[in-house]
2 protein chains.
Amino acid sequence: MTSTQLPSSPLSDAPLPGEKVRGSESGRPIMALFDLLGRRWTMRILWELNQNNCTFRELQQSCGKISPTVLNQRLKDLREVALVIAVDKQGYQLTETGKSLMLHIEPMRDWAQDWADQLKHK
Amino acid sequence: MTSTQLPSSPLSDAPLPGEKVRGSESGRPIMALFDLLGRRWTMRILWELNQNNCTFRELQQSCGKISPTVLNQRLKDLREVALVIAVDKQGYQLTETGKSLMLHIEPMRDWAQDWADQLKHK
DNA sequence: GCGTTATGCTACTAAAATAGTAGCAATGCT
DNA sequence: AGCATTGCTACTATTTTAGTAGCATAACGC
C-alpha cells in the first residue's frame with residue numbers, strides 16, 4: 001500500500017475510563033470498555049487488525065459492508081484510547097495494548113465454536 | 001422476588017452462529033458472537049447477571065438507564081442463544097454456557113484497569 | 001374480599017447511531 | 001500529464017436505541 005495523509009487529528013468521543021460513559025456514572029474502566037466494545041463493528045475491526053495490519057480501504061473490504069463514516073469513527077475512537085495506531089505508509093495496526101486485549105478476545109473463537117455446536121444440537 | 005408471567009415466547013432475532021449476521025456472510029460463530037456482544041448493553045447485562053441473578057426490574061436498576069424496550073430485546077436475544085435463562089420465581093440468570101463466556105469476559109476487568117492507568121500516564 | 005405493590009412486558013414517539021452513496025484532496029505511479 | 005489509490009468528509013436514508021407511559025397478572029397485607 002501507499003498510504004498518505006495519515007491522520008493527526010483531534011480525534012473523537014471514545015468512552016474514556018475514568019469518565020462517565022453510557023450506562024455508568026462510575027468511571028469504572030470495565031464500563032468504558034463495555035461501552036467501547038459494545039459499539040457496532042468495534043470488535044470486528046480489532047479482530048481484523050489482529051490478523052494483519054490494514055489500510056482504511058483494506059479494512060472496508062475485510063469488514064464487508066462497513067460504511068466509511070462508521071469505520072472512520074471507530075478508528076478515531078480506537079486511536080484515542082490507544083488500542084490502534086496509524087503508522088505512516090503502513091496503515092492501521094494494533095498497539096501493544098490492543099494486542100494485549102486481543103489475548104482475551106481471541107480465545108473466544110474457540111468458545112464460539114463450542115457454543116455454535118451446542119446450539120445446533122438442541 | 002415474586003415473578004410471574006415469565007416468558008415462553010417465540011423470542012427474537014438474535015445473531016445465530018451458522019447464519020448470516022451483520023458484517024459476515026460466513027456464518028462463522030465468532031462473527032455471530034461479535035454481532036451479539038456488539039449490541040449496546042449486551043455485555044453489561046451479562047456482567048450484571050454474572051454478579052447475581054436479577055429480575056427484570058433489578059436489571060433495569062443495576063444497568064442504570066436502560067430502557068425496558070431494549071432490555072427486553074436483549075434478554076430475548078440472550079435467551080435465544082442460550083446464554084441466559086428465565087427461571088420462574090427466580091428471575092433471569094446465566095446458563096452454564098453464559099457462565100463459561102464470562103470466564104473470558106471477567107478477566108477484562110483487570111485488563112481495563114491497567115488500560116485506564118496507562119491512559120492516565122500519557 | 002380489597003387496595004397496594006411488584007412483576008414482566010408492550011405501545012408509542014423521539015433521539016441517536018449506523019448505513020449508503022458520492023465525491024474531494026493528496027499522493028504515487030507511469 | 002494522466003490515472004489509480006489513499007484517507008476521508010458531506011449528505012441523506014434507514015435502523016437502532018432511548019424515553020415515557022401504561023397494561024395485565026400475581027403476590028402481599030389486612
Side-chain angles (χ1 to χ4, degrees), chain A residues 1-15 20-24 34-45 49 53-79 84-93, chain B residues 1-15 20-24 34-45 49 53-79 84-93:
Chain A
M1 66 151 289
T2 50
S3 102
T4 59
Q5 295 177 250
L6 275 177
S8 57
S9 19
L11 301 177
S12 70
D13 59 339
K20 278 193 268 186
V21 295
R22 185 170 45 209
S24 172
F34 287 166
D35 188 359
L36 184 74
L37 296 182
R39 296 178 180 189
R40 202 175 289 178
W41 291 110
T42 306
M43 291 184 113
R44 174 65 179 272
I45 291 169
L49 287 179
N53 301 342
C54 292
T55 67
F56 192 94
R57 290 293 226 267
E58 287 169 344
L59 270 175
Q60 279 186 296
Q61 289 170 17
S62 59
C63 284
K65 291 175 177 261
I66 190 171
S67 76
T69 319
V70 174
L71 176 55
N72 201 31
Q73 281 176 357
R74 292 297 171 275
L75 287 173
K76 282 181 182 172
D77 291 346
L78 291 170
R79 279 184 289 152
V84 163
I85 196 172
V87 177
D88 197 25
K89 318 262 182 196
Q90 302 285 316
Y92 293 95
Q93 44 191 267
Chain B
M1 68 158 284
T2 49
S3 102
T4 58
Q5 293 176 251
L6 275 177
S8 57
S9 18
L11 300 177
S12 69
D13 59 340
K20 279 193 268 186
V21 294
R22 184 171 46 208
S24 173
F34 287 166
D35 188 358
L36 184 73
L37 296 183
R39 296 179 179 188
R40 203 172 291 179
W41 291 109
T42 306
M43 291 185 111
R44 174 66 179 272
I45 291 168
L49 286 179
N53 302 340
C54 292
T55 66
F56 192 94
R57 291 292 225 265
E58 286 169 345
L59 270 174
Q60 279 186 297
Q61 289 170 15
S62 58
C63 283
K65 291 176 176 258
I66 191 172
S67 75
T69 319
V70 174
L71 176 55
N72 201 30
Q73 280 176 1
R74 292 298 171 274
L75 287 172
K76 281 180 182 171
D77 292 345
L78 291 171
R79 277 184 288 153
V84 164
I85 195 172
V87 176
D88 197 25
K89 319 261 181 196
Q90 304 285 314
Y92 293 95
Q93 43 192 266

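In what follows, every chain begins at residue 1, and chains take the letters A, B, ... in the order their sequences are listed.
The minimum heavy-atom distance linking Met43(A) with Leu37(B) is given by the pair SD-CB, 4.2 Å. The minimum heavy-atom distance linking Val84(A) with Tyr92(A) is given by the pair CG1-CD2, 4.0 Å. Shortest non-hydrogen contact noted between Pro68(B) and Phe56(B) is O-CZ, 3.7 Å. Taking each heavy atom of Arg74(B) and Arg40(B) in turn, the nearest pair found is NE-O, 2.9 Å. The shortest non-hydrogen separation linking Ser62(A) to Arg44(A) is O-NH2, 2.9 Å.
At the phosphate of dT10(C), OP1 or OP2 sits under 4.0 Å from a side-chain N or O atom of Asn72(B). Phosphate contact (OP1/OP2 of dG7(D), side-chain N/O of Thr55(A), threshold under 4.0 Å): present. Side-chain nitrogen and oxygen atoms of Trp41(A) include at least one within less than 4.0 Å of the OP1 or OP2 phosphate oxygen of dA19(C).
At whole-Å resolution of the value, CD in Gln93(A) and C1' in dG7(D) are 16 Å apart. In this structure, the CG atom of Asp35(B) is 10 Å from the P atom of dA19(C), given to the nearest Å. The OH-P distance, from Tyr92(A) to dG7(D), rounds to 7 Å in whole Å. Summarising the geometry, the separation between CG on Leu59(B) and P on dG8(C) is reported as 9 Å, rounded to the nearest angstrom. In this structure, CZ of Arg39(A) is placed 13 Å from P of dA19(C), rounded to the nearest angstrom. For Gln60(B) and dT20(D), the CD to C1' distance is 12 Å, given to the nearest whole Å. Rounded to whole angstrom, the span from the CZ atom of Arg74(A) across to the C1' atom of dT9(D) amounts to 16 Å. In this structure, CD of Gln61(A) is placed 14 Å from C1' of dG7(D), rounded to the nearest angstrom.
At least one side-chain heavy atom of Ile45(A) sits under 4.5 Å from a side-chain heavy atom of Leu71(A).
Rounded to the nearest 0.5 Å, atoms CG (Asp77(B)) and CG (Asp35(B)) are 9.0 Å apart. Note: Thr55(B) OG1 to Gln61(B) CD = 7.5 Å, rounded to the nearest 0.5 Å. A distance of 11.0 Å separates CH2 of Trp41(B) from CG of Leu59(B), quoted to the nearest 0.5 Å.
With distances taken from any side-chain atom of Lys76(A) to the nucleotides dT9(D), dT17(D), dT18(C), the minimum falls on dT9(D). For Ile66(A), the side-chain atoms get nearest to dA19(C) when compared with the rest of dC9(C), dA18(D), dA19(C). For Val70(B), whose side chain is taken as the heavy atoms from C-beta onward, the closest listed nucleotide among dT18(C), dA18(D), dC9(C) is dA18(D). Side-chain atoms of Arg79(A) lie closest to dC8(D) of the nucleotides dA18(D), dT18(C), dC8(D). Distances were taken from every side-chain heavy atom of Arg57(B) (C-beta onward) to each of dC9(C), dT18(C), dA19(C); the shortest belongs to dC9(C).
Over its full length, the helix from dG1(C)-dC30(D) to dT30(C)-dA1(D) turns its helical axis through 30°, comparing axes from the five pairs at each end and rounding to 10°.
Under the side chain to side chain contact (heavy atoms under 4.5 Å, CB included) criterion, Gln93(B) pairs with Asn53(B), Ile85(B), Val87(B), Gln90(B), not counting sequence neighbours.
Judged by closest nucleotide on DNA chain D, Arg40(A) is the one of Ser67(B) and Arg40(A) placed further toward the 5' end.
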Between N or O atoms, less than 3.5 Å apart, protein on one side and nucleotides 10-13 of chain D on the other: list the pairs.
{"unit_1": "dA10(D)", "atom_1": "N6", "unit_2": "Thr69(A)", "atom_2": "OG1", "d": "3.3"}

